[in-house]
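Below: one structure, written as structure tokens.
Keep in mind that this is a model prediction, so the values were computed, not measured. In this chain, numbering begins with 1 at the start of the sequence shown.
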Amino acid sequence: MLRLIQEMIVYRELLWSLVQRDLKARYKVATLGFLWSLIRPLFTMVILTIVFSKVFRFEIDMNVVYPLYLLCALLPWGFHVTGINNATHSLIANANLIKKVKLPREVFPLSAIIAELINLLLSFIILFIFLIIFRVPISWSIFWLPLLLLIHFIFITGLGLITASINVFFRDTAAILDAIMTAWFYLTPIFYPISLAKQHLSEPFYNLYLLNPLVPLITGYRKALLGNEYNTMATFGPSFNEWVWFLGITFAIALIILWFGIIIFRSLDSRFVDEL
């Protein structure tokens with residue numbers, strides 16, 4: 001891991017150039033620029049709001065409007081899905097450059113993920129505007145946000161390195177990944193509170209459910225962004241300590257996944273040029 005960090009520092013100008021290229025390629029032909037990245041989560045937010053608050057009368061036990069509850073989860077979820085997907089395709093998309101120039105190939109999936117992280121941060125600006133409109137005060141919980149982003153970034157980077165390296169040899173990886181993401185969406189408390197999972201799952205399965213890294217992360221994003229307007233701990237579990245405990249486990253899982261990602265990526269690195 002330290003070697004990867006050192007190499008990214010050495011190649012930081014190249015890394016930043018690739019990030020800029022990814023962002024420019026995405027938005028240069030779009031009239032609304034990065035705002036297009038908000039259309040999908042906003043559209044999903046509207047649909048889920050209509051379905052669960054109007055059709056099925058799905059109620060959330062909290063002091064905040066349901067659309068904000070959704071948006072605070074949909075934006076990080078979008079970062080999660082798009083970051084991994086773009087990292088998966090990054091080596092194939094840069095095949096010509098990989099064949100011609102000798103450089104650490106981790107820069108390609110990493111630049112794709114950093115571009116999505118920047119996009120998420122820009123999206124948070126729009127979210128804060130919504131919070132102001134709905135008069136949701138910013139609390140001290142906002143200071144959890146940098147830690148959550150760091151853990152999420154490490155987790156996505158590890159997964160992205162794994163899927164990017166596998167995708168070079170097995171091009172159906174992206175299709176399999178789509179199916180996994182669909183299941184992952186429903187196993188994550190994005191449109192429902194964790195109390196619902198706790199109510200319907202036995203204790204062993206509930207504890208297994210909490211090991212899903214996105215459960216404490218999504219809960220944490222809501223805590224950080226909605227603060228006192230959303231009683232995160234009441235819908236997460238019996239105490240604040242439980243959330244911190246599972247967030248710590250998620251941090252450990254993220255580091256392990258990153259470690260495995262680096263090992264797998266570098267073990268296959270010498271064969272990339274032949275396969276591409």
### Task
Would you sort out whether Lys99 and Glu275 count as a salt bridge (charged side-chain N to carboxylate O under 4.0 Å, His left out), showing the intermediate values?
CA-CA 10 Å; Lys99 293 177 181 179; Glu275 292 294 329; over 6 Å; no
### Message
In terms of relative ring orientation, are Trp77 and Trp184 parallel, tilted or perpendicular, with 30° and 60° separating the classes?
### Response
perpendicular
## Note on the structure
Output for pair (Ile262 CD1, Leu258 CG), nearest 0.5 Å, gives 4.0 Å
### Message
Quick check for you: to the nearest 0.5 Å, what is the distance between Leu74 atom CG and Tyr221 atom OH?
### Response
13.0 Å
### Message
Check the orientation of Phe169 and Phe272. Use parallel for under 30°, tilted for 30 to 60°, and perpendicular for over 60°.
### Response
tilted
### Message
Could you check whether any side-chain heavy atom of Asn167 comes within less than 4.5 Å of a side-chain heavy atom of Leu177, counting everything from C-beta outward?
### Response
no
### Summary
Rounded to the nearest 0.5 angstrom, the CD1-CH2 distance for Ile264 and Trp259 is 10.0 Å
#### Entry: Check: Arg222 side chain, Cys72 main-chain N or O, donor-acceptor pair, under 3.5 Å
no
### Task
Please round to the nearest 0.5 Å and tell me the distance separating atom CG of Leu187 and atom OG1 of Thr182.
11.0 Å
### Message
Please check: side-chain N/O of Thr188 versus main-chain N/O of Ile190, any donor-acceptor pairing under 3.5 Å?
### Response
no
### Task
Calculate, to the nearest 0.5 Å, the distance between atoms CG and CD1 belonging to Leu161 and Ile263 respectively.
11.5 Å
### Query
With a 4.5 Å heavy-atom cut-off, do Leu110 and Thr157 have their side chains touching?
yes
### Task
State yes or no: do Ile132 and Leu225 share one hydrophobic cluster built from I, L, V, M, F, W and Y residues joined by side-chain heavy-atom distances below 4.5 Å, directly or via other members?
no
### Message
Would the distance check show the side chain of Thr219 and the main-chain N or O of Pro216 forming a donor-acceptor pair, the cut-off being under 3.5 Å?
### Response
no
### Query
Got a second to check how far Phe130's CZ is from Leu68's CG, nearest 0.5 Å?
8.0 Å
### Message
Take a 6.0 Å sphere around CZ of Phe260 and say whether it holds more than 12 heavy atoms from other residues, nucleotides or ligands.
### Response
no
### Query
Is NZ or CZ of Arg105 both nearer than 6.0 Å to the six-membered ring centre of Phe265 and within 45° of the ring axis?
no
### Message
Using side-chain heavy atoms (C-beta onward) and a distance below 4.5 Å, is Phe108 in contact with Leu103?
### Response
yes
### Task
Report yes if some heavy atom in the side chain of Leu148 is under 4.5 Å from a heavy atom in the side chain of Lys223; otherwise report no.
no
